[in-house]
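Structure record follows, encoded as structure tokens.
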Amino acid sequence: MTQYEGITRRGMLGLVGAAAATVPLDSGAAGAQAASGEVTVRMTVNGSATSLTVDPRVTLLDALRERLQLTGTKKGCDRGQCGACTVHVDGRRVVSCLTLLATLDGASVTTIEGLADGDRLHPLQQAFIEHDGFQCGFCTPGQIMSAAAVIAEGGARTDAEIREQMSGNICRCSAYPGILAAIRQARTEMR
Amino acid sequence: MREYRFERPGTVTEAVRRSGSDTAYLAGGTTLVDLMKLEVMTPGRVLDINRLPLRGLDATGGGLRIGALERMTDVAADPRVRLGYPMLSQALELSASGQLRNMASIGGNLLQRTRCGYFRDVSMPCNKRQPGSGCPAIRGENRMHAVLGTSDSCVATHPSDLAVALAALDARVQLQGRDGVRTVNLCDFYLLPADTPHLEHDLRPGELVTGVIVPRLDWAQRSIYLKIRDRQSYEFALSSAAVAIRREGDTIVEARVAVGGMGTRPWRLPAVERALAGRPATSNTYAAAATATVDGTRPLRHNAFKPELMQRTLIRALLELEQTR
């Protein structure tokens with residue numbers, strides 16, 4: 001990521017949004033719609049309790065990126081077709097672009113930022129590096145989040161199964177052979 | 001996306017009472033949120049029904065009762081479905097992607113809207129989206145469109161794989177409305193477009209799908225869902241076949257056959273079922289029965305291949321079914 005004196009590009013752009021995100025901790029019953037039309041949602045994101053008050057049209061994807069500055073989750077098609085925005089909600093992989101934040105009161109969300117153990121990369125992150133599982137890297141967070149769930153569910157037993165289970169994650173650079181090899185390696189390490 | 005009011009009714013009764021003509025029920029959101037972003041659907045109120053007690057899969061007393069809010073992933077993986085009704089598991093697992101199957105509900109799957117590109121593009125006319133505006137698909141891009149059940153107003157294909165397998169199984173849809181509960185045969189639940197393609201379901205205002213009943217059919221253990229598409233995975237059907245066969249020795253006693261990718265709704269083929277019953281389970285029988293599929297097809301400029309593809313899909317499904325067990 002491009003950095004200017006320790007401040008990320010997204011961080012600069014997102015300063016206004018960051019201020020707004022910290023305001024509404026106690027405005028009305030969680031999940032209910034206030035007179036303003038906004039909805040307050042309390043949830044856990046990467047292990048931290050979070051409360052957001054948003055327009056009910058806001059997707060989980062936009063909330064992560066614009067309000068919580070978790071820009072690892074990418075907006076590709078924004079129509080549920082490419083998988084770049086894949087995250088885990090209550091342990092299951094979903095596309096965050098078709099998930100309305102308003103529905104997530106009480107949910108637990110894990111994004112790519114929550115996958116590593118401190119400075120130690122998750123086995124999938126390490127395997128994607130070792131096997132060239134990406135070129136431009138845009139689809140990679142979604143690929144890795146999707147693969148982590150597939151392996152956890154036991155759905156990565158054969159190459160054919162990995163390809164089928166990962167078909168919801170499109171890679172325009174076509175790094176599929178590397179992605180397959182990375183998942184195969186991480187599958188063994190995650191046991 | 002247009003503005004809407006977001007509400008979360010606490011009970012089914014409350015949901016049904018709050019619902020009106022300007023309301024959409026929100027379950028998995030994989031159709032609704034997509035179409036709200038495209039402004040194809042513009043409800044003034046969205047009722048989040050995800051916490052209503054419409055989950056669960058019950059197999060007591062034979063058959064299945066599937067709660068409308070069960071997710072596709074869970075139903076597909078349930079051993080009672082996988083072993084007793086393999087065509088249902090297969091239809092679900094060949095649908096969409098892993099992420100979408102985790103999100104999408106069974107009720108929502110049945111109510112998903114057509115993938116017709118003109119329907120999804122608000123800058124184009126579409127009789128389904130805007131009654132009376134015209135159908136550009138009839139003379140436009142229509143390779144993916146229907147050849148069965150079409151009208152001069154609409155040729156849009158029904159996209160659900162699950163509904164095709166359920167049609168073959170004589171499934172019924174459970175509904176709850178302001179006037180109480182009722183049950184509708186799945187095949188009757190879907191309306192033909194005729195000159196009112198904007199009316200797609202036998203649903204009264206405010207009615208909510210609460211569950212699906214699959215009547216007991218022991219010989220559905222020998223069933224298959226075969227899906228033919230432009231790519232191997234994560235694509236809608238060009239053609240599909242849901243087939244169950246009851247055999248005694250080498251003779252077919254009974255058959256259930258429905259096809260997808262062909263009709264404006266899931267399409268049961270009783271003529272094919274009759275042509276299979278009482279005949280030896282041979283490729284000659286399959287080929288002869290498959291010719292009964294083409295009755296009443298109305299191919300368009302880009303999909304004239306579909307009637308033949310339907311026959312071949314059906315024959316291959318029957319041959320593959322022979323290999324099981």
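Proteins get letters first, then strands, A, B, ... in listed order; numbering begins at 1 in each.
Between the side chain of B:Asn102 and the backbone N or O of A:Arg92, no donor-acceptor pair lies under 3.5 Å. Judged by distance alone, with hydrogens and angles left aside, the side-chain atoms of A:Arg57 form no donor-acceptor pair with the main-chain N or O of B:Met36 at under 3.5 Å. Not one N or O on the side chain of B:Lys37 forms a donor-acceptor pair closer than 3.5 Å with the backbone of A:Arg79. Within the 3.5 Å criterion, the main-chain N or O of A:Glu164 finds no donor-acceptor partner in the side chain of B:Tyr234.
For the atom pair B:Met103 CE and A:Leu98 CG, the distance stands at 5.5 Å (nearest 0.5 Å).
Heavy-atom distances place the side chain of A:Thr59, and not its backbone, under 4.5 Å from chain B. Of the two parts of B:Leu26, only the side chain, counted from C-beta on, holds a non-hydrogen atom closer than 4.5 Å to a non-hydrogen atom of chain A. Only the backbone of B:Arg2 comes within contact range of chain A, judged by heavy atoms closer than 4.5 Å. Heavy atoms of A:Gln81 lying under 4.5 Å from chain B belong to its backbone as well as its side chain. At a 4.5 Å heavy-atom cutoff, the contact between B:Asp34 and chain A is made by backbone and side-chain atoms alike. Residue B:Glu93 touches chain A through its backbone alone, counting heavy-atom pairs closer than 4.5 Å.
Between A:Ser146 and B:Gln99 there is a side-chain heavy-atom pair separated by less than 4.5 Å.
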